Asker: 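Have a look at this one.
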Amino acid sequence: MDIQKLFDIQETLNNRIMTEHQLTQADLFQEQQLALLVELGELANETRCFKYWSRKSASERGVILEEYVDGLHFVLTLGLALGFRYPQPLQSYGHQETLTGQFLIVMETTHRLQLAPTEENYHALMEAFLALGQQLGFSHEEIEAGYLAKNKVNHERQDVGY
């Protein structure tokens, strides 16, 4: 996964949205953080990892990947908003024993970034999010392909006034 390319692509989309929606002077960091948390909730809902009361299985892998890359759009956006990027991802990240535990770590690191928007806290968020993708069984190549496909959809949505 070429993470720097993804940052560049995300920056292009963000600039387009900011310009077309006349938000170039707006500070949207809190909205972007909440958007990430909402996307994480949608992803968790599709995995059903926390639904101990239900026997229904998780959504199809493609649906879960799309929700994951929706979250990636906002993880990248948060870094760009703070002026931080992440170095090339490692091949493997440590993660929690359970998928639910990993979701909670990503949410906790998002909150930590809100309280202290440092580069160290941003890198912790990115690592926790990448570990989540790995725990979901996605390769870097799948994540990048899914991101590029969804980014194209996001531009098409802007074309039609989404």
Side-chain angles (χ1 to χ4, degrees), residues 1-21 23-44 46-47 61-96 99 102-103 105-159 162:
M1 173 168 41
D2 183 350
I3 195 82
Q4 299 312 315
K5 178 174 92 173
L6 300 187
F7 273 108
D8 291 341
I9 291 168
Q10 188 63 45
E11 188 170 37
T12 299
L13 177 62
N14 291 353
N15 289 340
R16 178 180 181 185
I17 290 168
M18 298 296 279
T19 299
E20 291 180 8
H21 293 265
L23 297 168
T24 54
Q25 302 303 313
D27 178 3
L28 300 174
F29 191 69
Q30 285 187 337
E31 287 79 0
Q32 293 160 343
Q33 284 185 305
L34 181 56
L36 172 58
L37 291 170
V38 168
E39 293 299 341
L40 285 169
E42 291 177 2
L43 175 59
E46 295 298 339
T47 69
R61 197 166 193 276
V63 171
I64 293 171
L65 177 60
E66 185 172 345
E67 291 297 342
Y68 180 80
V69 299
D70 283 348
L72 180 58
H73 276 81
F74 287 105
V75 173
L76 294 168
T77 291
L78 290 172
L80 291 166
L82 294 170
F84 304 142
R85 290 193 177 216
Y86 187 78
Q88 192 59 28
L90 303 173
Q91 287 304 310
S92 181
Y93 290 93
H95 51 73
Q96 297 295 303
L99 193 53
Q102 191 62 37
F103 272 105
I105 292 295
V106 176
M107 290 178 176
E108 187 269 326
T109 57
T110 302
H111 291 299
R112 192 178 334 140
L113 184 65
Q114 177 190 10
L115 297 173
T118 65
E119 188 169 18
E120 179 182 349
N121 285 341
Y122 177 70
H123 285 183
L125 170 60
M126 180 64 89
E127 288 171 13
F129 191 78
L130 291 171
L132 176 62
Q134 205 166 39
Q135 198 164 0
L136 289 166
F138 299 129
S139 69
H140 286 167
E141 294 76 22
E142 288 175 296
I143 293 168
E144 183 171 339
Y147 173 86
L148 294 172
K150 187 60 186 264
N151 190 268
K152 181 179 177 186
V153 168
N154 287 341
H155 275 285
E156 291 168 354
R157 288 176 172 172
Q158 291 302 307
D159 290 342
Y162 179 77

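Remember, predicted model here, so these are calculated numbers, not experimental data.
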Asker: To the closest 0.5 Å, what do you measure between CD1 (Ile17) and CG (Leu23)?
Answerer: 9.5 Å

Asker: Roughly how far, to the nearest 0.5 Å, is the CG atom of Asp70 from the CD atom of Glu39?
Answerer: 4.5 Å

Asker: Set out, in order, the CA-CA distance, both residues' side-chain angles and the distance that settles side chain to side chain contact (heavy atoms under 4.5 Å, CB included) for Asp159 and Glu20, then state yes or no.
Answerer: CA-CA 10 Å; Asp159 290 342; Glu20 291 180 8; over 6 Å; no

Asker: Just to verify, what does Tyr86 make a ring pair (Phe, Tyr, Trp, His ring centres under 6.0 Å) with, not counting sequence neighbours?
Answerer: His123

Asker: For His73, give me all partners under side-chain contact (heavy atoms from CB on, under 4.5 Å), at least two apart in sequence or on another chain.
Answerer: Gln10, Leu13, Tyr147, Lys150, Asn151, Asn154

Asker: Residues two or more places apart in sequence or in another chain: which of them pass salt bridge (charged side-chain N to carboxylate O under 4.0 Å, His left out) with Glu31?
Answerer: none

Asker: Mind checking what makes side chain to side chain donor-acceptor pair (under 3.5 Å) contact with Glu42, not counting sequence neighbours?
Answerer: none

Asker: The criterion is side-chain contact (heavy atoms from CB on, under 4.5 Å); which residues satisfy it with Ala35, sequence neighbours excluded?
Answerer: Phe74

Asker: If you take all heavy atoms of Gln102 and Leu132, which pair is closest and at what distance?
Answerer: CG-CA, 3.8 Å

Asker: Applying side chain to side chain donor-acceptor pair (under 3.5 Å), name anything that partners Asp8, two or more places apart in sequence or on another chain.
Answerer: Arg85

Asker: Measure across Ala116 and Asn121 and return the closest heavy-atom pair with its distance rounded to 0.1 Å.
Answerer: O-ND2, 2.8 Å

Asker: Please list, chain by chain and in numerical order, all residues satisfying salt bridge (charged side-chain N to carboxylate O under 4.0 Å, His left out) with Glu127, sequence neighbours excluded.
Answerer: none

Asker: Sequence neighbours left out, what passes side-chain contact (heavy atoms from CB on, under 4.5 Å) with Lys5? Give chain and number order.
Answerer: Asp2, Ile9, Glu144, Leu148

Asker: Distance from Leu43 atom CG to Ile64 atom CD1, nearest 0.5 Å?
Answerer: 7.0 Å

Asker: Can you name the closest pair of heavy atoms from Leu65 and Gly146 and give their distance?
Answerer: CD2-CA, 4.4 Å

Asker: Using side chain to side chain donor-acceptor pair (under 3.5 Å) as the criterion, list what pairs up with His21, not counting sequence neighbours.
Answerer: Gln158

Asker: Let me see the working for Leu36 and Leu40 under side chain to side chain contact (heavy atoms under 4.5 Å, CB included), right down to the final yes or no.
Answerer: CA-CA 6 Å; Leu36 172 58; Leu40 285 169; 4.1 Å; yes

Asker: Do the side chain of Thr19 and the main chain of Arg16 share a donor and acceptor less than 3.5 angstrom apart?
Answerer: no

Asker: Just to verify, what does Phe129 make a ring pair (Phe, Tyr, Trp, His ring centres under 6.0 Å) with, not counting sequence neighbours?
Answerer: Tyr68

Asker: Closest approach of Ile143 and Val69, non-hydrogen atoms and distance?
Answerer: O-CG1, 3.7 Å

Asker: Do Gln114 and Leu34 have side-chain heavy atoms sitting under 4.5 Å apart?
Answerer: no

Asker: As an exercise, state the distance from CD of Glu67 to OG1 of Thr47, rounded to the nearest 0.5 Å.
Answerer: 10.5 Å

Asker: Could you give the distance from CG (Asn15) to OG1 (Thr24), rounded to the nearest 0.5 Å?
Answerer: 10.0 Å

Asker: Sort and list the pairs that fulfil salt bridge (charged side-chain N to carboxylate O under 4.0 Å, His left out) and have at least one residue in residues 109-122, not counting sequence neighbours.
Answerer: Glu108-Arg112

Asker: Within a 6.0 Å radius of atom CD on Gln30, are there more than 12 heavy atoms belonging to other residues, nucleotides or ligands?
Answerer: no

Asker: Could you please spell out the steps behind the side chain to side chain contact (heavy atoms under 4.5 Å, CB included) verdict for Leu113 and Leu82?
Answerer: CA-CA 10 Å; Leu113 184 65; Leu82 294 170; 3.7 Å; yes

Asker: Quick check: closest heavy atoms across Phe29 and Ala81, and the distance to 0.1 Å?
Answerer: CD1-CB, 4.0 Å

Asker: Looking only at heavy atoms, what is the nearest atom pair of Ile105 and Ala128, with distance?
Answerer: CG2-CB, 3.8 Å

Asker: Out of curiosity, Thr77 OG1 to Leu72 CG, how far, rounded to the nearest 0.5 Å?
Answerer: 9.0 Å

Asker: Does Glu142 have any side-chain contact (heavy atoms from CB on, under 4.5 Å) partners at least two apart in sequence or in another chain, and if so, which?
Answerer: Arg61, Phe138, Ser139

